[in-house]
Amino acid sequence: MSNERFDPSVADGRWQRAWDDARCFDADSNSDKPKSYVLEMFPYPSGRIHIGHVRNYTMGDVLARYRKMQGHEVLHPMGWDAFGMPAENAAMEKGVHPAGWTYDNIETMKGQLKQLGFALDWSREFATCDPEYYGHEQSLFIELFNAGLVYRKESEVNWDPVDMTVLANEQVIDGKGWRSGAEVEKRKLNQWFLKITDFAEDLLEGVQGLEDWPQKVRLMQENWIGKSQGLEFAFDLSNGGTLPVYTTRPDTIFGASFVAVAADHPVAQDVAANNCEAAKFIELCKKGGTTAAELETAEKLGFDTGIGARHPFTGEYLPLYIANFVLMDYGTGAIMAVPGHDQRDFEFATKYGLPIPRVVAASVEEAAKPFDGEAEAGEGVLVNSDFLDGMDVEAAKAEVIARAENGGWGKGTTVWRLRDWGVSRQRYWGTPIPFIHCETCGVVPVPKDQLPVKLPEDVSFEQPGNPLLRHPSWKETSCPKCGSAAQRETDTLDTFVNSSWYFLRFASQPSDKPFDADEVAKWMPVGQYIGGIEHAILHLLYARFWTRALAHVGLLEVKEPFASLFTQGMVTHETYSRKDGAREAFFMPSEVDRTSDGATLKSDGQPVEIGKVIKMSKSKKNVVDPEDIIRDYGADAVRWFMLSDSPPERDLPWSEAGIEGCGRYVQRLWRLFGQYDESASGEDKDLARKTHQTIAAVADDIEALAFNKAVARLYELTSAAEKAQPSESRNHAIRSLLLMASPMMPHLAEEGWAAMDGEGLVANAAWPEVDEALLVEDEVTIAVQHMGKLRDTLTAPKGSSKEDLEVLALASEKVQRSIDGADIRKVIVVPDRLVNIVT
RNA sequence: GCGGGCGUGGCGGAAUGGUAGACGCCGGGGACUUAAAAUCCCCUGAUCCUAUAGAUCGUGUGGGUUCGAGUCCCACCGCCCGCACCA
């Protein structure tokens, strides 16, 4: 083997072509091997791969390649989440067609992914904007419609009157459109919805079974679904009306001292109609911010309507307020307020001088105990509550609900935070909703043999508004039922629909239907799903729902799409900037010379300010382009960096010094491979043991996605092998290192494998075998402590008896010095670990 | 405010309740070289010290459990993430 340096600029491409030619990573669904489905969240083709993609796909790739080495048939596909607004924005800004822009980006990004040598089954690649894909999506949507899971209703949207488009909440900045700057209007539109709420209970229960999901994500999903149980009942009002309220604490009903409605509640609107003070107050309520932090600091405000609400048990009239802390879209938009046992009600009552009765106390004796400046929401027994006195909270809840139901004035209900999923988008670049509006027949699904309903290509983005709506002919069609003139739906589907079933299409892609259930069953559920935490709620919840909905209509067996989920951290970098008057100008790392004590701009040699280490973002310019670093260091060094140092769930700080270290290690391994010596003989027992221990440990680490630990162990074995004399054991260590490193640095491994006359491609090789007998040390180091403090270490045969260890420990001079003649009260011996002498 | 997570050298981080700081980066010293690059070797938590040895301290702070705590428990401080003033 030559002593030349490993040259990634030659080797990377060579092996990437070799894998392609051998179709190494095409998944065979008819294989007898155990199946592994490894999936990373597919990218939006925004233009170029960014470093976050590189980290995400490297992790998945290591797992996929490792599983293959373990004898699994691996499905590791890649595709493109290709519909979305950036394509339309590009169309408006640059005058390009969204389809052309998107497919160009896909080509660029695919080339970039190829440069990283990912073990992907490109034969299954598709983009969600391919008519074939969205056509099948349309047929699934119609299936759900036929099953009653799709409906239309009027719903309010953010309308930009200049761009003539609907805006997402995050596109509304200070009440103005992000692009046009125009004042955003609320508009009611007839929109399409999916009945995700039908599955609320099932989705919530399913979370319990997701043991291989991060606890954090499970909690976020539970809170998002937001189940609560309580009592809904109506107050009779002094003005003759009734007011339905919902409470989760019916037990505290005797502690209610006022009733409150949201500012946009119909009762409040009625009052405002002939009371301008009330109208002013309602205006005031609308001004406040809506973030949790703003709401938390906002003062509780109320307006006394003068109306009374009759308490269902006492008959007493409680004052009715309009209050800024009551939300219209939760429960009934009206509450019974119990200041003693709800902090918000407490603050409100304190401000407006309303009574704060105690109805729950630690014991009956404490019924008159005053409150200590805040509400008490905890457990206890009911007091001052007539027939409930003495009951615990749970019993009292049940009793009040029972009496309300018997009396016919209320009922126990479950309230969910989860809303139905609005999937209408008034945009061009999405899946056309496959329905036809007919004056006589109403809303009619497009017949399946007419799918896909393709997007028209001749559209312009020069005028504002939805191009589908103003296209001269596209929407004009005839009714599939009666044949009379009719119009196509011009809304398209939310892009989250595209990503709710792509993993099924990866598993099976017949041309005549979305997927084949039997074929899908061979792969699903996804064994390991990897992606960003930003998808913890919406994407993952929608995909869970869509999968259930398909199971509900009989198209699938599986209910949970992702057996195991991993959410990876971000790649971060420090920022470089200079104050330019009031503005701060940022510089890219490539424009800066960084030394250990500062940073200067390459162009003028003057210092720049080094800012905090934060997520890479275009606005702060603290980005590195994956293509640049692949060119400079090679794919393997980049991949190795992505896996080193930081645990994968935490943020990874990018550093020039770090990637250089990785580049050095690539060469170091290469030199070590060159020392593989066919003629060497003899055994090196220590190195052999170390090798087998490493093989076992690295396997465990990769299974646990603890790549940083696997990397550290490979460094250790590398050092040990470098120091060892030539022997068969050393050859085995080198060969094993190559195999273990191959999922992480596949190009280097192939190059080394070929030079060592390895059989075939290392991509098809097996994970090295572990000799269990060699995992066990025959000598161990024993720590000797006196009173828990380390005084000495000694070497003893593995499995020495407690008695022997005690004798050895007491024989230590250092230990004797420490004991200094004191009485030994006790000796703790942990076999093969330590001896602790207690005096 | 609520919920969750995290606090370990100059930095990223290791550590089934059992030798804290593996491994990498930075830094220092040396070898090789005309020189540089590359490579290799050694040192690198703090303090003390009679210095190839030894001692003390040390995992955000204060308590506790234990023969023994970075790890378990309680309280507090700080940082990060998520959120919904959800009745």
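So that the names make sense, note that chain A is the first sequence line, chain B the second, and so on, each numbered from 1.
Across the P atoms, U39(B) and C25(B) are found 11 Å apart, a figure rounded to whole Å. Going from the C1' atom of U65(B) to that of C73(B) covers 7 Å, rounded to whole Å. Atom name C1', nucleotides A55(B) and U50(B): the rounded distance is 12 Å, in whole Å. G63(B) and G10(B): their C1' atoms are spaced 32 Å apart (whole Å). Taking atom P in both G4(B) and A14(B), one finds a spacing of 23 Å when rounded to whole Å. Atom name C1', nucleotides U71(B) and U66(B): the rounded distance is 13 Å, in whole Å. Comparing the C1' positions of U59(B) and G13(B) gives an interatomic distance of 13 Å, to the nearest angstrom. On the P atoms, G58(B) is 15 Å away from U47(B), given to the nearest whole Å.
Taking all atoms of both residues into account, the shortest heavy-atom contact from Lys615(A) to Asn622(A) is O-ND2, 3.3 Å. Across Leu672(A) and Ile734(A), no two heavy atoms sit closer than the pair O-CD1, 3.6 Å.
Counting to the nearest Å, the C1' atom of G82(B) and the CZ atom of Arg417(A) are 11 Å from each other. Taking atom CD1 of Ile533(A) as the reference point, atom P of G4(B) lies 15 Å away to the nearest angstrom. Straight-line distance from the CG atom of Asp345(A) to the P atom of G1(B): 19 Å, rounded to whole Å. Protein atom CG of Leu790(A) is 13 Å distant from nucleotide atom P of G70(B), rounded to whole Å. To the nearest angstrom, P of C67(B) lies 18 Å from CD1 of Ile819(A). One interatomic measurement links the two molecules: CD of Glu534(A) to P of C83(B), which rounds to 12 Å at whole-angstrom precision. Between Met220(A) atom CE and G4(B) atom C1' the separation is 10 Å, expressed in whole Å. Atom CH2 in Trp654(A) sits about 13 Å away from atom C1' in C25(B), given to the nearest Å.
Listed nucleotides: G18(B), C40(B), G54(B). Nearest to the side chain of Arg671(A): C40(B). Nearest to the side chain of Asn324(A), among G18(B), C85(B), G3(B), sits C85(B). For Arg791(A), the side-chain atoms get nearest to U56(B) when compared with the rest of U19(B), U56(B), G13(B). In the set C23(B), U19(B), G54(B), C23(B) carries the atom at the smallest distance from any side-chain atom of Glu716(A). If you check G12(B), A22(B), G18(B) against the side chain of Ala712(A), the one that comes closest is A22(B). Set against U56(B), C67(B), G24(B), the side chain of Asn836(A) has C67(B) as its closest nucleotide. Of the candidates C85(B), C67(B), U16(B), U16(B) carries the atom nearest the Arg833(A) side chain, counting heavy atoms from C-beta on.
When ring centroids are compared, Phe641(A) and Tyr633(A) stay outside the 6.0 Å threshold.
Nucleic acid contact class of Ser644(A) (heavy atoms, under 4.0 Å, all strands): none. Contact annotation for Ile828(A): base contact, defined as any heavy-atom pair under 4.0 Å involving a base atom. Within 4.0 Å of Lys615(A), counting heavy atoms only, lies no atom of the nucleic acid at all. Nucleic acid contact for Val830(A): base, since at least one base atom lies under 4.0 Å from a heavy atom of the residue. Note on Tyr246(A): a base of the nucleic acid sits closer than 4.0 angstrom, heavy atoms only. Looking at heavy-atom distances under 4.0 Å, Val827(A) makes no contact with the nucleic acid at all. Within 4.0 Å (heavy atoms only), Thr781(A) reaches at least one base atom of the nucleic acid.
To the nearest 0.5 Å, atom CD1 of residue Ile695(A) and atom CZ of residue Arg713(A) are 13.0 Å apart.
One side chain, Asp420(A) or Thr197(A), offers a donor N or O that lies under 3.5 Å from an acceptor on the other. Residues Arg668(A) and Ser719(A) bring a donor and an acceptor atom of their side chains to less than 3.5 Å of each other. Counted by atom type alone, Gln675(A) and Arg730(A) present one or more donor-acceptor pairs between their side chains at under 3.5 Å. Inspection of the Ser644(A) and Tyr715(A) side chains reveals no N or O donor paired with an N or O acceptor under 3.5 Å.
Proximity of residues 692-709 of chain A to RNA chain B (heavy atom under 4.0 angstrom from any strand atom) is restricted to Asn708(A), Lys709(A).
An OP1 or OP2 oxygen of G13(B) is reached within less than 4.0 angstrom by a side-chain nitrogen or oxygen of Arg650(A). Note on Arg664(A): a side-chain N or O is less than 4.0 Å away from OP1 or OP2 of C25(B).
Both Gln785(A) and Leu219(A) sit near RNA chain B, but only Leu219(A) has its closest nucleotide nearer the 5' end. Comparing Arg249(A) and Lys789(A), the nucleotide of RNA chain B nearest to each residue sits closer to the 5' end for Lys789(A).
Taking a pair as Watson-Crick or G-U wobble with both distances under 3.5 Å, RNA chain B forms stems of 3 or more consecutive pairs at B:1-7 with B:77-83, B:10-12 with B:23-25, B:27-31 with B:39-43, B:45-48 with B:54-57, B:60-64 with B:72-76.
A salt bridge links Arg817(A) with Glu813(A): the distance from a Lys NZ or Arg NE/NH1/NH2 to an Asp or Glu carboxylate oxygen falls below 4.0 Å.
By the 6.0 Å and 45° rule, Arg358(A) stacks over the aromatic ring of Phe371(A).
Taking the O4'-C1'-N9-C4 or O4'-C1'-N1-C2 dihedral as appropriate, G58(B) has a value more than 90° from 0 and is therefore anti.
The aromatic rings of Phe313(A) and His311(A) sit tilted relative to each other, their planes meeting at an angle between 30° and 60°.
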Inset, instruction - Just do the ring pair (Phe, Tyr, Trp, His ring centres under 6.0 Å) check on Tyr321(A) and Tyr352(A) with the steps written out, would you? - result: CA-CA 10 Å; Tyr321(A) 280 81; Tyr352(A) 291 100; 5.8 Å; yes

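Not a single donor-acceptor contact under 3.5 angstrom links the side-chain atoms of Lys216(A) to the base of C81(B).
Here the side chains of Glu772(A) and Leu775(A) are in contact, with some heavy-atom distance below 4.5 Å.
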